[in-house]
2 protein chains.
Amino acid sequence: MKRTSFEGDQCPIARSLDVIGDWWSLLIIRDALLGRRRFGEFQKSLGLAKNILTVRLRALVDQGILKTAPASDGSAYQEYVLTLKGRGIFPILVALRQWSEEFDARPEEIGTIMVDRDKGKPVRKLALYSQDGRLLTAADTALKPRPPGKHVRSMAG
Amino acid sequence: MKRTSFEGDQCPIARSLDVIGDWWSLLIIRDALLGRRRFGEFQKSLGLAKNILTVRLRALVDQGILKTAPASDGSAYQEYVLTLKGRGIFPILVALRQWSEEFDARPEEIGTIMVDRDKGKPVRKLALYSQDGRLLTAADTALKPRPPGKHVRSMAG
DNA sequence: TTGTGTAGTTGCATTATAAAACCAGATGCC
DNA sequence: GGCATCTGGTTTTATAATGCAACTACACAA
């Protein structure tokens, strides 16, 4: 039947997956971070059916991850650019990339490595730290009930 | 038709998504990191259909993310525990969590925060650094062709 | 041995995804 | 202007994935 939605779930992981947890959305965002903006660019790069790209782009715009803008080349077409919320997905993509780099069964098939643009050297591994700077594994963390009214939202841009 | 597979793709993000990019896998792994091990525990916690849980668990075992073990309570049943590869997914979950914490439209619905077990204080945000310690945004990074034969695999445990 | 819990499997309805055909408006070219 | 082509979709039709419910097999407990 209907695919279950995690929209009302109180787990933030489930809530994220509800928005970007499908097959194509993260790859569209990856492409957007690489500078792609036009419908045709995404379609050619990803090789997905156009009807599905249409639906995905519309959903990402609805979610405030992409926004439409007039084409930068002066033509009458539009393009899709990332919002602040969309650019915030970058760490998720880095984490996915690094997991593959570390554990993929056939790492020799991976075509690229991520480097810092300045020096051209590989980036560090993402790591989780406590506020006082200790490196944390999953076992060193716990979940606490959220303290009420602690969060301040910024406007998407 | 058939859902497209990214198995042969050379992008490591696509390769990761091919393995854990579906609706339930990451939530199963989240639960496993929280200590759940038994079929029934997953099923009750996630509320997914049992046939689907069966398929997912089997796929995760095939991928080397979970492994089966005799039940720790002495009964004749088995349980599912994370491998090293499976525990390596932790940063991806943290990234998903933090994205929701930062950008969710209704953050007041998020029930928990992640703290370090020692001090009980919220963990730091994941951040990407260059090898010489500079904080990197997406725009500060680039992709380079992979240098040949650089990778050493460790055994999954 | 009767009942209950665990861990699935099977069957069927519904939905999402995919490929391909189609189409309207914008653009480029002569 | 006239015509072919490009862009950005929509429509149609098919197949695969998902979900629910009912069923089964085995373990365990009384």
Side-chain angles (χ1 to χ4, degrees), chain A residues 1-9 14 17-29 31-32 35-63 66-81, chain B residues 1-9 14 17-29 31-32 35-63 66-81:
Chain A
M1 288 196 143
K2 193 177 200 164
R3 168 169 293 179
T4 58
S5 162
F6 306 120
E7 202 186 333
D9 202 298
L17 290 176
D18 195 56
V19 178
I20 53 173
D22 74 278
W23 288 81
W24 291 111
S25 294
L26 283 171
L27 294 178
I28 292 170
I29 294 158
D31 271 21
R36 286 188 247 273
R37 308 164 148 249
R38 295 285 282 265
F39 185 96
E41 284 184 294
F42 291 116
Q43 205 258 318
K44 207 170 59 163
S45 155
L46 296 170
L48 85 172
K50 294 193 289 181
N51 51 353
I52 295 179
L53 179 57
T54 301
V55 172
R56 287 287 168 276
L57 287 174
R58 202 158 7 233
L60 289 171
V61 170
D62 287 350
Q63 295 287 350
L66 293 174
K67 62 184 171 188
T68 54
S72 49
D73 62 358
S75 75
Y77 300 114
Q78 62 177 357
E79 37 187 53
Y80 298 88
V81 301
Chain B
M1 288 198 143
K2 192 178 200 162
R3 169 169 292 180
T4 59
S5 161
F6 306 121
E7 201 187 332
D9 202 298
L17 290 176
D18 195 57
V19 178
I20 52 173
D22 74 277
W23 287 82
W24 293 111
S25 294
L26 283 171
L27 294 178
I28 292 171
I29 295 159
D31 271 20
R36 287 188 248 273
R37 309 163 149 250
R38 295 284 282 265
F39 186 95
E41 283 184 295
F42 291 116
Q43 205 257 318
K44 206 169 60 162
S45 156
L46 296 171
L48 85 172
K50 293 195 287 183
N51 52 352
I52 295 179
L53 179 57
T54 300
V55 172
R56 287 287 169 275
L57 287 174
R58 209 170 345 250
L60 290 171
V61 169
D62 287 349
Q63 295 286 349
L66 293 174
K67 62 185 171 189
T68 55
S72 49
D73 62 358
S75 75
Y77 301 114
Q78 63 175 359
E79 36 185 56
Y80 298 90
V81 300

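Note that the structure is predicted; figures quoted are calculated from it, not measured. The sequence lines fix the lettering, A, B, ..., with proteins before strands; numbering per chain opens at 1.
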Using a cutoff of under 3.5 Å, can you pull out all pairs of nitrogen or oxygen atoms linking the protein to nucleotides 11-13 of chain D, with atom names and distances?
none

Whole-Å gap separating [atom2] ([N]) and [atom1] ([X]):
X	N	atom1	atom2	value
B:Q43	C:dT6	CD	P	11 Å
B:L53	D:dC20	CG	C1'	15 Å
A:R58	D:dG9	CZ	P	8 Å
A:Q78	C:dG25	CD	P	16 Å
B:L57	C:dT9	CG	C1'	14 Å
B:E79	C:dA7	CD	P	9 Å
A:K44	D:dC6	NZ	C1'	12 Å
B:L46	C:dA7	CG	P	14 Å

Atom pair [atom1] ([X]) and [atom2] ([Y]), whose distance is rounded to the nearest 0.5 Å:
X	Y	atom1	atom2	answer
A:L27	B:D9	CG	CG	7.5 Å
B:I29	B:Y80	CD1	OH	14.0 Å
B:L26	B:L60	CG	CG	9.0 Å
B:I20	B:I28	CD1	CD1	12.0 Å

Tell me whether the rings of A:F6 and B:W23 are parallel (<30°), tilted (30 to 60°) or perpendicular (>60°).
tilted
Within residues 17-26 of chain A: residues closer than 4.0 Å to DNA chain C (heavy atoms)
A:W24
If you check every side-chain atom of B:R38, which of C:dT9, C:dT6, C:dT17 has the closest atom?
C:dT6
Tell me which nucleotide among C:dA18, D:dT18, C:dT9 gets nearest to the side chain of B:I52.
D:dT18
Base, sugar-phosphate alone, or nothing: which one does B:F42 contact when heavy atoms must sit under 4.0 Å apart?
nothing
Which donor-acceptor pairs under 3.5 Å do side chains of residues 47-59 of chain B form with protein atoms, sequence neighbours excluded?
residue : atom : partner : partner atom : Å
B:T54   : OG1  : B:K50   : O            : 2.8
B:R56   : NE   : B:D22   : OD2          : 2.6

When every nucleotide of nucleotides 23-30 of chain D is labelled 5' to 3' by its protein contacts under 4.0 Å (heavy atoms), B for base, S for sugar-phosphate only, - for none, what sequence of letters results?
----SS--
When every non-hydrogen atom of A:S25 is compared with those of A:V19, the smallest separation belongs to OG-O, 4.4 Å
Heavy atoms of B:V61 and B:T68 approach each other most closely as CG2-CG2, 4.3 Å
Would you say [X] reaches [N]'s phosphate, i.e. side-chain N/O to OP1/OP2 under 4.0 Å?
X	N	result
B:R3	D:dT15	no
A:T4	D:dT18	no
B:Y80	C:dT6	no

Given DNA chain C, 5'-ward residue of the pair B:E41 and A:V55, judged by closest heavy atom:
B:E41
Pairs under 3.5 Å (N/O, protein and nucleotides 3-5 of chain D):
none

Salt bridge (charged side-chain N to carboxylate O under 4.0 Å, His left out) pairs touching residues 37-46 of chain A, sequence neighbours excluded, are A:R37-A:E79, A:R38-A:D73
